[in-house]
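We count residues from 1, following the sequence as given. Predicted model only: the values in this text are computed from it and were never measured.
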Amino acid sequence: MPQLNDLSRSLVALDQDSTIIAVVELSQSSWLAAGVLPGIERQPQKKLEPSAERLLGLLHRWRDEAVRAGKKITRIALAFEAGRDGFWLARWLNARGVEAHVIHPSSVAVSREHRRAKTDRLDTEMLKRGFLGWLRGERGHCTMARVPTIAEEDAKRPNRERECLVGERTRIVNRIKSTLARLGIRNFKPTLRKAAERLATVHTPEGMPLPPNTLAELQRDMARLGFVVSQIREIEQARQKRLEQETETGPHAKVRQVARVIGIGIETADMLVHEVLSRPMRDRKAVARYAGLTGSPDESGARRREQGLARAGNARVRRGMIQLAWRFLRFQKQSALAQWYRARTADSRLGMRKTMIVALARKLLIALWRFVTTGEILEGVILRPAG
C-alpha cells in the first residue's frame, strides 16, 4: 500500500506512448519549455514570454502533433522548479487538465565540476532526466513539493507578516537607541506608551536639548514605530477574533489544542499549525526532516563525522522550535522530555546542552504532531483547561 504524501516518486504507472512529458525553466523575463512527445523523434524546445496561456497553447500544439503521428494522448505531465512564482501556475494548469508538479530545486542532482556549464537549455535537459525517473516510480531522481491550496497559503500570511513587522520594530528601536547613544543618552525607552511625548524633553548630559535635525529624525522614527506597533496589534486582534468566531474544526481547532500546552502561546501555536502541523506528513521522520532538525552525516571509508543540522526544511519552524525547546524546559520541568534532556546533560560536557536542545526540539515537534493528529498526550506535560 503506498504511503501518504510520498512525493519522492510517482505512484501512477507511466505509459510513455500516451503521455506528453514536459518541463519548464521559469525566469522573470522568459520561460523555456522542453518536451518528450510520443511518436516524435525530436525533443522540442520553445522559448516563451512568461504567460500561462501561451504555455497551455504550446502543450496543446504538442499534443496535436503527437496525435497526427498516430499516438493517442491521455496524459500531459509537466514539471518545473519551485521558485519566486510560487505554486499558482501548478494550480492553474491542474484546473485545465494538465498534471503539473513542482520540483524541489535542491533534490535535483547537478554536475560536480568546478566550472560546469549552466544555461536554460542544459537546465531543462537536467530537469527532464530527473522528471522522467520520477514518473517511472524510481526513487532518488528528484522530489516534488506539495502544492498548497490558496486558502492554505493565505492562512500563513498573518503570522509571516507579523514576523516581518516585529523585525522592523526591533530595527527602528535599535536605530533610535543608537542615535541617542551618540549623544550620551542611554535611559530613553522608545517602546513606552508616552515615549514620543517625552522625546521633546530629553536633554544631553551637558544639559543641552536635542539638536534640531536629530530631533526631527527621531520624531519620524517614533511615528514609524507607532505605525508598525499598531499594525502588529491589528494582526493579533484579527487572529484572536478568528479563533473566537470560527468553528472548532480544521487549523483553528489545532491552534487551540496546541496552545493548551503550558509554555506555548497563541503566536507559536499559530505558526506551528499553519507551517507544519496542518500538512499531511507521512511519518515522524518526515516531520523532523521538514523542520530541518535532522543531522547530515559525512561518512566515507574510515571517516565518520556529523556536519550538524541539515537546515534543508522550513527555517521558521526550525528557529521557532529551538526557542520553544528552551522555553519548554522552564515551564514543563516535570515532563518526560525535560527529564530526558536533563539526564543527558547532567555531566556538563562542553557543547552537550546546545547539541541536545536540538534533539529536544525534534522530539517535541514530533510529540506535538502526534498530539494534534492522534490525540496522544505528551507524557508529564501540564495542559491548560479546554475551552
Side-chain angles (χ1 to χ4, degrees), residues 1-9 11 143-149 151-153 155-156 159 239 242-244 246-295 310 312-314 316-329 331-341 343-344 356-387:
M1 181 177 179
Q3 293 177 310
L4 176 66
N5 198 33
D6 187 1
L7 299 177
S8 63
R9 61 191 177 96
L11 302 179
T143 302
M144 298 299 170
R146 175 179 172 268
V147 179
T149 64
E152 288 174 337
E153 284 197 295
K156 299 177 182 179
N159 187 274
R239 179 182 56 207
R242 284 195 302 271
L243 290 175
E244 293 174 355
E246 297 191 11
T247 58
E248 295 284 338
T249 58
H252 297 288
K254 292 181 180 180
V255 171
R256 294 189 183 91
Q257 188 178 3
V258 173
R260 288 185 59 198
V261 179
I262 299 294
I264 301 181
I266 289 292
E267 184 63 37
T268 302
D270 184 74
M271 183 274 294
L272 289 177
V273 168
H274 289 110
E275 294 288 348
V276 62
L277 298 181
S278 292
R279 298 174 63 90
M281 293 295 184
R282 183 171 61 249
D283 51 25
R284 62 184 181 85
K285 292 182 179 179
V287 175
R289 188 163 53 248
Y290 178 78
L293 291 171
T294 55
N314 191 315
R316 289 182 176 86
V317 177
R318 182 171 61 253
R319 291 193 302 265
M321 284 308 305
I322 292 177
Q323 293 173 4
L324 176 59
W326 289 113
R327 197 161 64 243
F328 187 83
L329 292 174
F331 288 94
Q332 300 286 352
K333 296 181 180 180
Q334 303 305 318
S335 65
L337 288 177
Q339 294 175 7
W340 174 87
Y341 174 84
R344 281 156 178 78
M356 295 309 299
I357 200 65
V358 176
L360 176 62
R362 180 171 59 248
K363 283 180 170 291
L364 179 57
L365 178 60
I366 294 172
L368 291 174
W369 172 70
R370 288 172 172 163
F371 181 48
V372 299
T373 53
T374 66
E376 180 181 341
I377 303 297
L378 289 75
E379 185 179 352
V381 167
I382 305 173
L383 300 178
R384 298 183 178 94

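A donor-acceptor distance shorter than 3.5 angstrom exists from the side chain of R362 to the backbone of L293, with no hydrogens or angles considered. Between the side chain of E275 and the backbone N or O of K156 there is no donor-acceptor pair closer than 3.5 Å. With hydrogens and angles disregarded, a donor-acceptor distance shorter than 3.5 Å links the side chain of R384 to the backbone of V261.
Within a 6.0 Å sphere centred on CD of Q339, other residues, nucleotides and ligands contribute more than 12 heavy atoms.
Taking both residues in full, the closest heavy atoms of M321 and L272 are given as SD-CD2, 3.6 Å, listed atom of the first, atom of the second, then distance. The two residues A338 and F328 have their closest heavy-atom pair at N-CE2, 4.3 Å. E153 and P148 make their closest contact through CG-CG, 3.5 Å (heavy atoms, listed as atom of the first residue, atom of the second, distance). Across A325 and L360, no two heavy atoms sit closer than the pair O-CD2, 3.9 Å. Smallest separation of non-hydrogen atoms from R316 and N314: N-OD1, 3.0 Å. Closest approach of H274 and A155 over heavy atoms only: CD2-CB, 3.4 Å.
Separation of atoms CD (E376) and CD1 (I366) is listed at 11.5 Å; rounding is to 0.5 Å. Here the straight-line distance linking atom CZ of F331 with atom CG of L324 works out to 10.5 Å at 0.5 Å rounding. Between the CZ atom of R260 and the CD1 atom of I382 there is a distance of 12.5 Å, given to the nearest 0.5 Å.
Residues forming a side-chain contact (heavy atoms from CB on, under 4.5 Å) with S278 (at least two apart in sequence, or on another chain): P251, K254, V273. With sequence neighbours left out, the side chain to side chain donor-acceptor pair (under 3.5 Å) criterion links E267 to N159, R162, R239.
Between Y341 and K363, the closest side-chain pair of non-hydrogen atoms is not below 4.5 Å. In this structure, the side chains of R319 and M271 stay at 4.5 Å or more apart for every pair of heavy atoms. Side-chain contact between V317 and L277 is absent, with no heavy atoms from C-beta onward closer than 4.5 Å.
Between the side chains of R327 and T268, at least one donor N or O lies within less than 3.5 Å of an accepting N or O.
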Handout entry: From CA spacing to verdict: side-chain contact (heavy atoms from CB on, under 4.5 Å), I357, L329
Key = CA-CA 10 Å; I357 200 65; L329 292 174; 3.8 Å; yes

Practice task
May I have the step-by-step check of side-chain contact (heavy atoms from CB on, under 4.5 Å) for Q332 and L337, ending in yes or no?
Solution key: CA-CA 9 Å; Q332 300 286 352; L337 288 177; over 6 Å; no

Practice task
Might you work through the side-chain contact (heavy atoms from CB on, under 4.5 Å) test for L378 and L383, ending with a clear yes or no?
Solution key: CA-CA 9 Å; L378 289 75; L383 300 178; 6.0 Å; no

Practice task
Check the pair R146, M281 against side-chain contact (heavy atoms from CB on, under 4.5 Å), reporting the backbone distance first and the verdict last.
Solution key: CA-CA 10 Å; R146 175 179 172 268; M281 293 295 184; over 6 Å; no

